[in-house]
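Chain letters run A, B, ... following the sequence lines, proteins first and then strands; every chain starts at 1. What's counted below: heavy atoms across the whole structure, side chains too, no hydrogens, waters or symmetry copies.
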Amino acid sequence: MSVPLPAGATELQNVDGEQIKTFKDFLISYNKLTEMCFLDCVTDFTSRNIKHTEDKCSLNCMEKFLKVNQRISQRFQEFQMLANENVLASQK
Amino acid sequence: MAQKEQQNFQVIQELEIEMMADMYNRMTATCHKKCIPPVYGDSEIAKGEAVCIDRCVAKFLDIHERIGKKLGQLSMQDESLLKK
């Protein structure tokens, strides 16, 4: 199986631990995403071929997953900023 | 001695970051599960789903904090009981 490499991960000669971790995280979420979208979208095993609806569903699933993750990360950052501000305010 | 203390500090800090990442991943999975129905006719986030995600994240972090406080209280109680 060939894995699409994210930008920057192709020069594998001089990667540091941080980059390897980022790449690993990417692969883990790639696998999770595949599992989730496959479970939700592919239910018919009377045919070997991927149906048009299954294909569309999987791609929508992936796109939506990325958007949801982006939104969650935004809200999380906002929460953390607020928490930091509260800590700073209580120190004064 | 000071070096060892610094090493300990670093280990604890790394652990904290790791646990934070774990919590974040669990939150992502949970809120996705709770807010996004498994029907993908469209790749856009629906309005209701967006509101659900926002609330889910806020509530999850809130509960995380509350449980953390309670756990801290309990372990302090345990410690002071053990000392007696």
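- Note on A:Phe26 and A:Met62: separate hydrophobic clusters, where clusters join Ile, Leu, Val, Met, Phe, Trp and Tyr whose side-chain heavy atoms are under 4.5 Å apart, directly or indirectly.
- Among residue pairs with one or both ends in residues 60-92 of chain A, those qualifying as disulfide (SG to SG under 2.5 Å) are A:Cys37-A:Cys61; sequence neighbours excluded.
- Follow the hydrophobic side-chain contacts under 4.5 Å out from B:Met23 and you reach A:Val68 in the same cluster.
- Cluster membership for B:Phe60 and A:Leu82, using ILVMFWY side-chain heavy atoms within less than 4.5 angstrom, is not shared.
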Anything under 3.5 Å between chain A and chain B that's a donor-acceptor pair? List each one with its distance, please.
from: A:Asn60; atom 1: ND2; to: B:Tyr40; atom 2: O; distance (Å): 3.0
from: A:Asn60; atom 1: ND2; to: B:Gly41; atom 2: O; distance (Å): 3.3
from: A:Glu63; atom 1: OE2; to: B:Ser43; atom 2: OG; distance (Å): 3.1
from: A:Lys64; atom 1: NZ; to: B:Glu49; atom 2: OE1; distance (Å): 2.9
from: A:Lys64; atom 1: NZ; to: B:Glu49; atom 2: OE2; distance (Å): 3.2
from: A:Lys67; atom 1: NZ; to: B:Ser43; atom 2: O; distance (Å): 3.3
from: A:Lys67; atom 1: NZ; to: B:Glu44; atom 2: OE2; distance (Å): 2.8
from: A:Arg71; atom 1: NE; to: B:Asp54; atom 2: OD1; distance (Å): 2.9
from: A:Arg71; atom 1: NH2; to: B:Asp54; atom 2: OD2; distance (Å): 2.9
from: A:Ser73; atom 1: N; to: B:Tyr24; atom 2: OH; distance (Å): 3.4
from: A:Arg75; atom 1: NH1; to: B:Asp54; atom 2: OD1; distance (Å): 2.9
from: A:Arg75; atom 1: NH1; to: B:Asp54; atom 2: OD2; distance (Å): 3.3

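- With a 6.0 Å radius and a threshold of 12 heavy atoms from other residues, nucleotides or ligands, B:Met19 has its CE atom above the threshold.
- In this structure, no portion of B:Ala29 lies under 4.5 Å from any heavy atom of chain A.
- Listed by chain and residue number, B:Ile67 satisfy the side-chain contact (heavy atoms from CB on, under 4.5 Å) test with B:Leu71 (two or more places apart in sequence, or in another chain).
- When hydrophobic residues (I, L, V, M, F, W, Y) are linked wherever their side-chain heavy atoms come within less than 4.5 Å, the members clustered with A:Val42 are A:Phe38, A:Phe45.
- In this structure, B:Leu61 and A:Phe76 have side chains that are in contact, with non-hydrogen atoms separated by less than 4.5 Å.
- Both the backbone and the side chain of B:Ile45 come within contact range of chain A, each with at least one heavy atom under 4.5 Å from a heavy atom of that chain.
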